[in-house]
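Numbers restart at 1 for each chain; the letters A, B, ... are given by sequence-line order, proteins then strands.
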There are 2 protein chains.
Amino acid sequence: MATGRNHRPATRSRGIPEATVARLPLYLRALTALSERSVPTVSSEELASAAGVNSAKLRKDFSYLGSYGTRGVGYDVEYLVYQISRELGLTQDWPVVIVGIGNLGAALANYGGFASRGFRVAALIDADPSMTGRQVAGIAVQHVDDLESIIAANDVSIGVITTPGGAAQQVCDRLVAAGVSSILNFAPTVLSVPEGVDVRKVDLSIELQILAFHEQRKAAEDLSRSVSDGVRVSRARRGDQGPEGEIPAVMPA
Amino acid sequence: MATGRNHRPATRSRGIPEATVARLPLYLRALTALSERSVPTVSSEELASAAGVNSAKLRKDFSYLGSYGTRGVGYDVEYLVYQISRELGLTQDWPVVIVGIGNLGAALANYGGFASRGFRVAALIDADPSMTGRQVAGIAVQHVDDLESIIAANDVSIGVITTPGGAAQQVCDRLVAAGVSSILNFAPTVLSVPEGVDVRKVDLSIELQILAFHEQRKAAEDLSRSVSDGVRVSRARRGDQGPEGEIPAVMPA
DNA sequence: ATGCCTTTGTGAACGCGTGCACAAAGATGG
DNA sequence: CCATCTTTGTGCACGCGTTCACAAAGGCAT
Ligand SMILES: NC(=O)c1ccc[n+]([C@@H]2O[C@H](COP(=O)([O-])OP(=O)(O)OC[C@H]3O[C@@H](n4cnc5c(N)ncnc54)[C@H](O)[C@@H]3O)[C@@H](O)[C@H]2O)c1
Ligand SMILES: NC(=O)c1ccc[n+]([C@@H]2O[C@H](COP(=O)([O-])OP(=O)(O)OC[C@H]3O[C@@H](n4cnc5c(N)ncnc54)[C@H](O)[C@@H]3O)[C@@H](O)[C@H]2O)c1
């Protein structure tokens with residue numbers, strides 16, 4: 001690593017590609033596992049395999065952070081854990097609020113892995129008065145009326161929205177007005193936010209639909225292959241009405 | 001192109017870019033909302049705005065499905081809903097199993113939006129004997145010992161994994177062996193699956209870390225700006241311990 | 001020291017996704 | 001039937017991300 005003679009800290013923050021940022025947590029997880037097994041160093045090949053990526057990609061990703069490897073040896077696990085943590089901003093504490101403590105919100109609040117990486121559930125917020133004061137995961141739920149003061153008091157900059165879709169934009173607006181600038185949205189809603197606010201969405205329904213698309217395609221392939229092979233496939237493709245599944249594609253009047 | 005009399009429906013299934021597939025559910029959601037309001041047609045501009053994308057991108061996306069718009073008018077809402085649904089494979093029923101009925105698994109089972117798009121929770125599976133037989137969301141939890149027969153009996157091809165990370169690979173292997181070929185994984189584990197099996201992962205922890213990265217970057221910017229402006233920023237940046245070593249992200253000379 | 005062997009770091013080529021900009025299609029009104 | 005106006009569908013250029021392939025770096029044994 002750090003041959004010292006490494007003039008510039010190399011490619012600095014501003015230059016890290018988004019795709020790389022998205023993979024850093026993956027590397028970090030794999031490295032943490034190695035660290036717990038007291039493995040001192042790891043090669044790009046091994047680590048890449050553990051993280052489920054291509055080793056060239058991993059090396060390039062790391063090259064954006066600096067020159068932290070040793071040729072012929074690999075990467076120092078502890079050092080890399082530290083560097084990635086720092087790059088991701090995990091060396092500091094991030095208070096998080098969850099808004100909408102229903103099924104999902106409660107599950108998230110109870111989620112242990114949450115706190116493990118510097119994220120701390122600072123408050124739980126819900127609009128239902130009967131929820132107010134109730135303990136969820138050892139934290140008292142507070143009413144949404146106090147949202148602004150809760151955000152301010154806890155210096156929160158990351159908010160998680162798990163309200164129904166209809167309330168999401170409104171909650172989002174209040175969070176942003178109160179100073180939150182990063183939002184993780186579980187509601188099936190396209191949030192609009194001012195410049196400078198980051199939104200990431202997690203959408204179960206979309207994920208399933210993407211899987212369904214590929215599943216359908218695989219099934220269609222199996223089907224056509226089985227026709228020529230005379231083989232029976234287990235999962236019959238009903239649904240696609242029409243015997244040969246091709247597209248009618250008839251524009252309606 | 002698309003002179004109507006085009007024999008083949010143009011760019012067929014095989015040709016739909018992955019990025020487009022990932023956006024189709026978004027369009028579908030926006031279109032469904034329009035449909036419920038009985039809006040007959042919609043322009044690419046309006047729909048794009050509702051879906052939160054660029055209108056050129058939307059038009060290009062739709063062009064992969066065929067030529068379904070009318071110049072000077074826009075797209076027929078109902079027709080497009082149907083076409084996209086069919087393309088995504090939502091005109092058929094997709095039985096889904098959830099494995100690991102803890103906090104998250106139970107929340108998913110209770111999730112209404114699940115069934116709304118052709119996905120049906122066919123079974124809930126858990127390893128804890130004390131869960132077996134318990135009703136969750138009106139469905140009896142079954143024991144993981146019976147996983148194979150449950151998959152077969154319900155002709156399931158999509159599985160959702162919400163077990164702890166340690167059990168995920170093992171559960172995955174059994175699902176795949178039993179015939180599941182699409183998996184939605186919520187456990188913080190890199191699953192390895194044979195060719196032909198699709199895995200999508202949802203990882204809360206990764207999403208938060210990505211947000212933290214950008215949050216940190218924004219904070220650093222604010223900080224350096226406030227230094228020159230003499231302005232105080234609300235959220236103090238502690239955490240980056242040590243006045244020394246750190247790269248101040250100010251892009252040193 | 002020297003040479004060998006392993007593994008990094010990166011230049012270069014390529015492919016995918018995005019967005020611009022516009023010609024053509026079609027509706028609509030006269 | 002023609003002119004005008006709207007909006008689609010897409011050719012094109014560009015930038016990002018991925019992957020290959022290899023020279024250089026460094027450890028290690030002799
Ligand atoms: N449960 C899931 O597995 C799941 C999966 C994917 C997406 N989602 C989405 O996540 C969201 C929550 O799902 P859920 O199953 O937990 O729903 P839920 O109805 O159980 O919980 C919603 C909670 O939000 C609260 N709420 C409503 N309006 C509010 C407001 N204006 N301010 C603050 N709180 C408010 C309600 O009191 C309720 O406690 C929904 O948008 C749903 O579509 C849920
Ligand atoms: N709860 C969250 O908000 C959340 C968020 C992100 C990720 N996750 C991940 O989702 C997973 C589940 O989280 P959770 O909070 O629901 O955990 P949990 O402990 O509440 O539930 C896990 C369930 O899986 C069952 N299980 C264990 N081994 C099994 C096996 N081999 N086969 C079948 N079932 C088995 C357990 O009996 C338990 O009911 C974890 O991997 C967690 O890291 C959870």
Just the rounded figure in Å: distance from P of dC12(D) to NZ of K57(B). 21 Å
Report the distance from atom CG of D61(A) to atom C1' of dT10(C), rounded to the nearest whole Å. 13 Å
Would you mind reading off the distance between L80(A) atom CG and dT8(C) atom P, rounded to a whole angstrom? 11 Å
From dA27(C), dG9(D), dG9(C), nucleotide with atom closest to V73(B) side chain: dA27(C)
Can you tell which of dG9(D), dG17(C), dT18(D) lies closest to the side chain of R23(A)? dT18(D)
Atom CG of L47(B) to atom P of dG9(D): distance rounded to whole Å? 12 Å
Which one of I98(A), T163(A), I161(A), T162(A) satisfies the side chain to side chain contact (heavy atoms under 4.5 Å, CB included) criterion with F186(A)? T162(A)
Could you say whether A56(A) or G72(A) is positioned toward the 5' end of DNA chain C, judged by the nucleotide with the nearest heavy atom to each? G72(A)
From CG of D76(A) over to P of dT7(C), roughly how many Å is that when rounded to an integer? 16 Å
Position toward the 5' end of DNA chain D (nearest nucleotide), E18(A) or R71(A): E18(A)
Taking only the side-chain nitrogens and oxygens of S44(A), find out if one of them lies under 4.0 Å from OP1 or OP2 of dT8(C). yes
Counting only side-chain heavy atoms from C-beta out, which of dT8(C), dG19(C), dT8(D) sits nearest to R59(A)? dT8(C)
Between dG19(C), dG9(C), dT8(D), which nucleotide gets closest to the side-chain atoms of S63(A)? dG9(C)
Of all heavy-atom pairs linking E78(A) and S35(A), the shortest is OE2-OG, 2.7 Å
How many Å lie between CZ on F62(A) and P on dT8(C), as a whole number? 10 Å
Are N54(A) and dC20(D) close enough that a side-chain N or O sits under 4.0 Å from OP1 or OP2? yes
Indicate whether the side chain of D61(A) and that of T20(A) have a donor and an acceptor atom separated by less than 3.5 Å. yes
For K60(B) and dT7(D), give me the distance from atom NZ to atom P, rounded to whole Å. 20 Å
Please report, rounded to the nearest Å, how far the P atom of dT18(D) is from the CG atom of L58(A). 12 Å
Short side-chain donor-acceptor distance under 3.5 Å, S205(B) and Q209(B): yes
Y75(A) side chain N/O closer than 4.0 Å to the phosphate oxygens (OP1, OP2) of dG9(C)? yes
Considering only side-chain heavy atoms of P17(B), which listed nucleotide, dC20(D), dG17(C), dA24(C), is closest? dG17(C)
Side-chain N or O of T70(B) less than 4.0 angstrom from OP1 or OP2 on dG26(C)? no
Do R29(A) and T32(A) pass the side-chain contact (heavy atoms from CB on, under 4.5 Å) test, and can you show the C-alpha distance, the side-chain angles, and the key distance before you say yes or no? CA-CA 5 Å; R29(A) 182 174 289 158; T32(A) 303; 5.7 Å; no
